[in-house]
Novice: 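Before I ask anything, let me first share the structure, which is written out below as structure tokens.
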Amino acid sequence: MFDTKINAVKYGVTMLTNTMIQEFKRNLHGELIQPGDANYNEARQLYNGMIDKWPRLIARCADVTDVITAVNFGRENNLLIAIRGGGHNGPGLGSCDDGLVIDLSLMKEIEIDPQTRTVRVEPGSTQGEVDEATHAFGLAVPAGIVASTGIAGLTLGGGHGYLARKHGLTIDNLIEADVVLADGTLVTANETQHPDLFWALRGGGGNFGVVTSFVYRAHPVNTVYAGPIFWGIEDAREIMQWYREFLPQAPEELYTFFGLKTMPSVEPFPRELWGKKVCALISCYNGPAEDAAEALRPIHEDLPTPLLNGMAEMPFPTLQSLFDPLLPKGLQWYWKGDFIKELSDEAIEVHLEYAANTPSAKSLMHLYPIDGAVQRVGPNETAWNYRDATWSMVICGIDPDPAKAGELASWAKAYWEAVHPYSMGGAYLNFMMEEGQERIKATYGDNYERLVAVKTQYDPTNLFRVNQNIKPEA
Ligand SMILES: Cc1cc2nc3c(=O)[nH]c(=O)nc-3n(C[C@H](O)[C@H](O)[C@H](O)COP(=O)(O)OP(=O)(O)OC[C@H]3O[C@@H](n4cnc5c(N)ncnc54)[C@H](O)[C@@H]3O)c2cc1C
């Protein structure tokens, strides 16, 4: 049945005639989806069920030519343009109301050169698809920790995950990107061609154009020793205090992040622990098993007996998709982040207070390490400024029930307000809702002015503004 809300969609600034739309559609090798089409509702849905946007047109591009066609059509008709990779963005910046969504989800080619250990990836690929493809060659590209995340948005925001301490952020492994600019031209950005654009793409988000391929450096990664270890929340203070000392001297092959959570009430978690408030250290050791045992020895020797030890040897893609079943598409998400240099006793008390009052079983706080190789890149070498942080913190209110949206947001905001004074000021771009210009400036620090200059050069009319927006000079 035709959804009445679709009728309520206001159309773009320029009146689009049916002829114009049909011609646009004919020019695409992919698909053009409109309100009223059978797959419109499925196509407009985002990963975050809290965000409900109603685009005028969704251009599912099949290739670079389609992207150029879509950018030109959007610009010539004054349409608001959103760029969608994996659709995982927290505030839903992969879509827009009334405008044109350039949906890249059909563009999934991944080419691996095992000789040079480089990987060319199209922007509709998920991180899990990249992991599966590279794993066949005993390689991996440093990225995030949930397989369904889009590689494109993750990369453009920075990208941190299990390989970051040893090999850096995703952007630290980006060698080149092909980009369709606001005027519809296609350029290659790397250290020698459009170096300013290449600098800005590494952390500056979707501000500069539509990236149609990324080339990454990959690293030898095969079977890892990895997984979570859980303790009761009553041990969380001791574990956080221990963890802040342990992390800086741990070998870089070991990545251990900290979480305040609730034990999931599903198999394979033991029934007697379901719903219990817990803290966790979730680790990945990329190296020989004997070395893993040595690196993890302090966890077993110094800390109380855990409730559950889920660490095991596993192929890297298995680790990367470990949490996916707990986080299906369509949950309600509200998240807030900050960069953290030191974890003080006072900050730990705030964390414990809010962990005791989570609004739902899925709500969580994670501290992701970004030391080691991430810190060996200078703060102005890429747009990603906070190279001296130790952790990227995220607070997430998460639940399947839309009726809980307000409660999830209130908890996350109050938690963040209370703990923010112990942070460095800015947040990881990919862990922000729409929080205003001051927050974006705080995140880029003294890289902001250069980002404005690059934006002004490459997108002077701010065609690409559905993002954590860097405004061009007037
Ligand atoms: C469950 C979950 C786990 C996560 N874990 C991690 C993690 O471990 N590490 C981490 O670093 N991040 C993580 N993230 C955050 C993630 O990096 C962001 O949500 C990111 O925006 C997802 O990218 P996407 O392509 O799926 O997003 P989309 O919603 O498709 O796009 C987001 C934005 O990226 C830009 N964009 C996307 N594709 C392009 C393109 N081809 N060209 C230009 N601009 C583009 C656009 O501005 C768009 O608004 C996680 C997110 C979720 C939901």
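In each ligand, atom 1 is the first atom listed, and ligand 1 is the first ligand listed. Remember, predicted model here, so these are calculated numbers, not experimental data.
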Novice: In chain order, what residues pass the side chain to side chain donor-acceptor pair (under 3.5 Å) check against Arg165, with sequence neighbours excluded?
Specialist: Asp371
Novice: If we only count heavy atoms from C-beta on, is the Thr390 to Leu247 side-chain gap below 4.5 Å?
Specialist: yes
Novice: Quick one, Thr155 with Tyr216, criterion side chain to side chain donor-acceptor pair (under 3.5 Å). Give me CA distance, side-chain angles, the key distance, then yes/no.
Specialist: CA-CA 10 Å; Thr155 300; Tyr216 301 101; 2.7 Å; yes
Novice: Say whether, by atom type as modelled, one donor and one acceptor occur between the side chain of Arg439 and the main chain of Gly425 under 3.5 angstrom.
Specialist: yes
Novice: Heavy-atom cut-off of under 4.0 Å around ligand 1: list whichever protein residues fall inside it, by chain and number.
Specialist: Tyr47, Ile83, Arg84, Gly85, Gly86, Gly87, His88, Asn89, Leu93, Gly94, Leu104, Pro123, Gly144, Ile145, Val146, Thr149, Gly150, Ala152, Gly153, Leu154, Leu156, Gly159, His160, Gly206, Gly209, Val210, Val211, Trp333, Trp335, Tyr428, Asn430, Phe431, Val466, Asn467
Novice: Checking side-chain contact (heavy atoms from CB on, under 4.5 Å) between Cys61 and each of Leu32, Ile102, Thr69, which is the one that passes?
Specialist: Ile102
Novice: Does the side chain to side chain donor-acceptor pair (under 3.5 Å) test come out yes or no for Ser283 and Thr256, once each step is laid out?
Specialist: CA-CA 4 Å; Ser283 302; Thr256 299; 2.9 Å; yes
